[in-house]
2 protein chains.
Amino acid sequence: MASTPPESSYAILGLIDKLPSSSGHELAAAADRSFAHFWPISRTLLYRELNRLATLKWVTSTRVEQTRLPSKWTYRITDDGERALAAWLSGPVTNAGSYRNDVLLRFFFAHRLSATEVHALLEDYRKRLLAQRDELAALTDKLGSIYTPAARMGRISALHGLRTAEARLGWVEEARAELSDDNTR
Amino acid sequence: MASTPPESSYAILGLIDKLPSSSGHELAAAADRSFAHFWPISRTLLYRELNRLATLKWVTSTRVEQTRLPSKWTYRITDDGERALAAWLSGPVTNAGSYRNDVLLRFFFAHRLSATEVHALLEDYRKRLLAQRDELAALTDKLGSIYTPAARMGRISALHGLRTAEARLGWVEEARAELSDDNTR
DNA sequence: GTTCCCATGTAACCCGTTACATGATTTT
DNA sequence: AAAATCATGTAACGGGTTACATGGGAAC
């Protein structure tokens with residue numbers, strides 16, 4: 001009774017499907033370029049998942065010798081893998097919504113902080129959000145000029161993060177306004 | 001060289017500071033009521049963290065016998081605990097921003113799905129977001145009528161989730177619009 | 001001559017989750 | 001008679017992270 005693999009397995013499987021005959025190294029780079037902003041995959045995890053996919057026979061691995069570069073493994077999706085990918089894609093979404101935010105956690109206990117410290121906390125958050133927003137805006141722009149279905153999906157995904165960051169930047173202003181009228185009451 | 005405890009330890013520590021002489025059970029209920037929407041704590045984790053806090057001597061635990069209810073442990077923050085809490089609060093934020101979204105992950109590989117399936121995916125997401133938004137709107141409203149500093153912070157925290165949900169609902173519409181003009185090109 | 005890129009891993013850790021256990025009392 | 005509340009746990013698992021290892025070739 002093999003339990004279902006984690007979502008990250010399917011993330012990698014989907015990448016292999018998209019980019020056949022890639023090496024782990026290339027897949028890692030592709031993951032960083034494409035979905036890292038909503039589904040980060042560390043190097044170690046990547047290689048572990050490649051192993052899992054191979055033992056599940058969802059992918060095949062081939063050794064490729066190179067002359068001036070180190071030898072590498074390349075991966076291709078199998079029929080079983082394609083079925084698994086399709087089933088996962090149309091299957092139920094498991095944990096949409098769970099997320100943790102340690103800025104909010106600190107903010108929640110901010111009655112123990114001075115006004116300046118609360119301000120610093122919000123300002124730090126704002127800076128992070130700004131950086132995030134700019135990054136995603138740049139990505140959206142870049143993908144906007146590429147006319148492939150993959151780029152289109154990538155762009156819309158990036159838009160999700162962009163809209164989220166924008167909304168949260170708005171929240172920072174809202175929070176500041178709320179906190180500044182502590183004269184009322 | 002004791003490594004720093006996880007963020008959840010401080011979440012519990014902060015709660016004990018706010019609600020002295022509470023039992024684990026009461027703290028769990030308080031956590032569910034207050035910051036569960038951005039920092040969920042499972043029952044098991046709660047009790048584990050209470051243990052950790054006690055061995056760190058950041059809290060003291062006292063056994064309280066009850067006549068018609070089971071005996072319980074109650075917790076109080078120590079001076080060491082207060083110092084640790086203050087240091088954490090004004091210390092650097094560690095992982096603001098990391099979050100995973102499995103709807104987006106599926107969406108990213110949606111070229112393998114039919115238009116109807118993509119639509120179903122988005123619709124499912126929309127429903128979750130709507131439920132989330134309504135829940136947070138209700139919470140914001142409820143806290144808006146309580147005039148304590150704690151309630152105020154709770155309300156602003158809830159607002160963060162509310163704004164996020166609203167923005168993402170907007171994104172769903174955006175995504176739909178983008179996907180429907182596949183006649184262009 | 002140091003640093004970056006290619007390329008693939010191992011070891012260890014730990015936070016968080018799920019499932020299960022117990023047992024009295026009060027409410028429906 | 002069943003279900004909810006109070007109250008506190010244990011056991012087992014696993015996904016993800018961080019740190020470390022290796023080793024050649026190319027670039028600055």
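Chain A is the first sequence line, chain B the second, and so forth, proteins listed ahead of strands; every chain is numbered from 1.
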Next item on the list: Please report, rounded to the nearest Å, how far the C1' atom of dC6(D) is from the CD atom of Glu65(B).
Entry: 14 Å
Checklist line | N/O donor-acceptor pair, side chain Ser42(A) with base dT18(D), under 3.5 angstrom | finding: no
Next item on the list: Quick one: label Ser71(A) by what it contacts on the DNA or RNA (base, sugar-phosphate, nothing), any heavy atom closer than 4.0 Å.
Entry: sugar-phosphate
Check: Quick one: Leu45(A) CG to dT10(C) P, roughly how many Å, whole number?
Finding: 14 Å
Next item on the list: Grab the CD1-P distance between Ile12(A) and dG16(D) for me, whole Å please.
Entry: 10 Å
Note to self: Looking at every non-hydrogen atom in both residues, tell me the closest pair between Tyr99(B) and His37(A) and how far apart they are.
What the structure shows: CE2-O, 4.0 Å
Checklist line | Interatomic distance where CZ belongs to Arg100(A) and C1' belongs to dG15(D) [whole Å] | finding: 14 Å
Checklist line | Side chain of Lys72(A) - closest among dG16(C), dA7(C), dG16(D) | finding: dA7(C)
Margin query: Please determine whether a side-chain nitrogen of the Lys or Arg among Glu117(B) and Arg112(B) lies less than 4.0 Å from a carboxylate oxygen of the Asp or Glu.
Written below: no
Check: Would you say the side chain of Ile12(B) lies within less than 4.5 Å of the side chain of Val59(B), judging by non-hydrogen atoms?
Finding: no
Margin query: Can you tell me how the ring of Trp88(A) sits relative to the ring of Tyr10(A), calling it parallel under 30°, perpendicular over 60° and tilted otherwise?
Written below: parallel
Next item on the list: Please state how far atom OH in Tyr75(B) lies from atom C1' in dA7(D), giving the value in whole angstrom units.
Entry: 11 Å
Next item on the list: Just grab all the salt bridge (Lys or Arg N to Asp or Glu O under 4.0 Å) pairs involving residues 55-66 of chain A, residues at least two apart or on different chains.
Entry: none
Note to self: Whether Gln66(B) contacts dA7(D) is assessed here as follows: a side-chain N or O lying under 4.0 Å from the phosphate OP1 or OP2. Is that the case?
What the structure shows: yes
Next item on the list: Nearest whole angstrom, please: distance from the P of dG9(D) to the CH2 of Trp73(B).
Entry: 8 Å
Notebook entry, point to check: Any sub-3.5 Å donor-acceptor pair from Arg152(B)'s side-chain atoms to Tyr147(B)'s backbone N or O?
Noted result: no
Next item on the list: Considering only NZ, NE, NH1 and NH2 on the basic side and carboxylate oxygens on the acidic side, decide whether Arg33(B) and Glu26(B) come within less than 4.0 Å.
Entry: no
Checklist line | Sub-4.0 Å heavy-atom contacts from residues 46-64 of chain A onto DNA chain C, ordered by number | finding: Tyr47(A)
Checklist line | Contact list for residues 157-180 of chain A, test ring pair (Phe, Tyr, Trp, His ring centres under 6.0 Å), sequence neighbours left out | finding: Phe107(A)-Trp171(A), His160(A)-Tyr125(B), His160(A)-Trp171(B), Trp171(A)-His160(B)
Check: What is the per-nucleotide protein-contact pattern of nucleotides 23-28 of chain C, from the 5' end, where B denotes a base atom under 4.0 Å from a protein heavy atom, S denotes such proximity for sugar-phosphate atoms only, and - denotes neither?
Finding: B-SS--
Notebook entry, point to check: Out of curiosity, does Leu27(B) fall in the hydrophobic cluster containing Leu69(B) (side-chain heavy atoms, cut-off under 4.5 Å, transitive links)?
Noted result: no
Check: What is the distance, rounded to the nearest whole Å, between atom CD1 of Ile41(A) and atom P of dT18(D)?
Finding: 14 Å
Notebook entry, point to check: Any side-chain N or O of Ser8(B) under 4.0 Å from OP1/OP2 of dG16(C)?
Noted result: yes
Notebook entry, point to check: Has the side chain of Arg155(A) got a donor or acceptor atom that lies under 3.5 Å from a matching backbone atom of Ser145(A)?
Noted result: no
Check: Which pair of non-hydrogen atoms, one from Leu50(B) and one from Gly24(B), has the smallest distance, and what is that distance?
Finding: CD1-CA, 3.7 Å
Notebook entry, point to check: Are Glu123(B) and Arg176(B) within salt-bridge range, i.e. N to O under 4.0 Å?
Noted result: yes
Next item on the list: Would you jot down, in residue-number order, the residues of residues 17-30 of chain A having a non-hydrogen atom under 4.0 Å from DNA chain D?
Entry: none
Next item on the list: Could you walk me through whether Asp79(A) and Arg83(A) pass the salt bridge (charged side-chain N to carboxylate O under 4.0 Å, His left out) test, one step at a time?
Entry: CA-CA 6 Å; Asp79(A) 289 357; Arg83(A) 272 189 290 274; 5.4 Å; no
Margin query: Tell me whether the count of non-hydrogen atoms from other residues, nucleotides or ligands lying under 6.0 Å of CD in Glu166(B) goes above 12.
Written below: yes
Note to self: Rounding to an integer number of Å, can you tell me how far Arg43(A) CZ sits from dT8(C) P?
What the structure shows: 10 Å
Note to self: Using five pairs at each end of the helix from dG1(C)-dC28(D) to dT28(C)-dA1(D) to define an axis, what is the angle between those two axes, to 10°?
What the structure shows: 40°
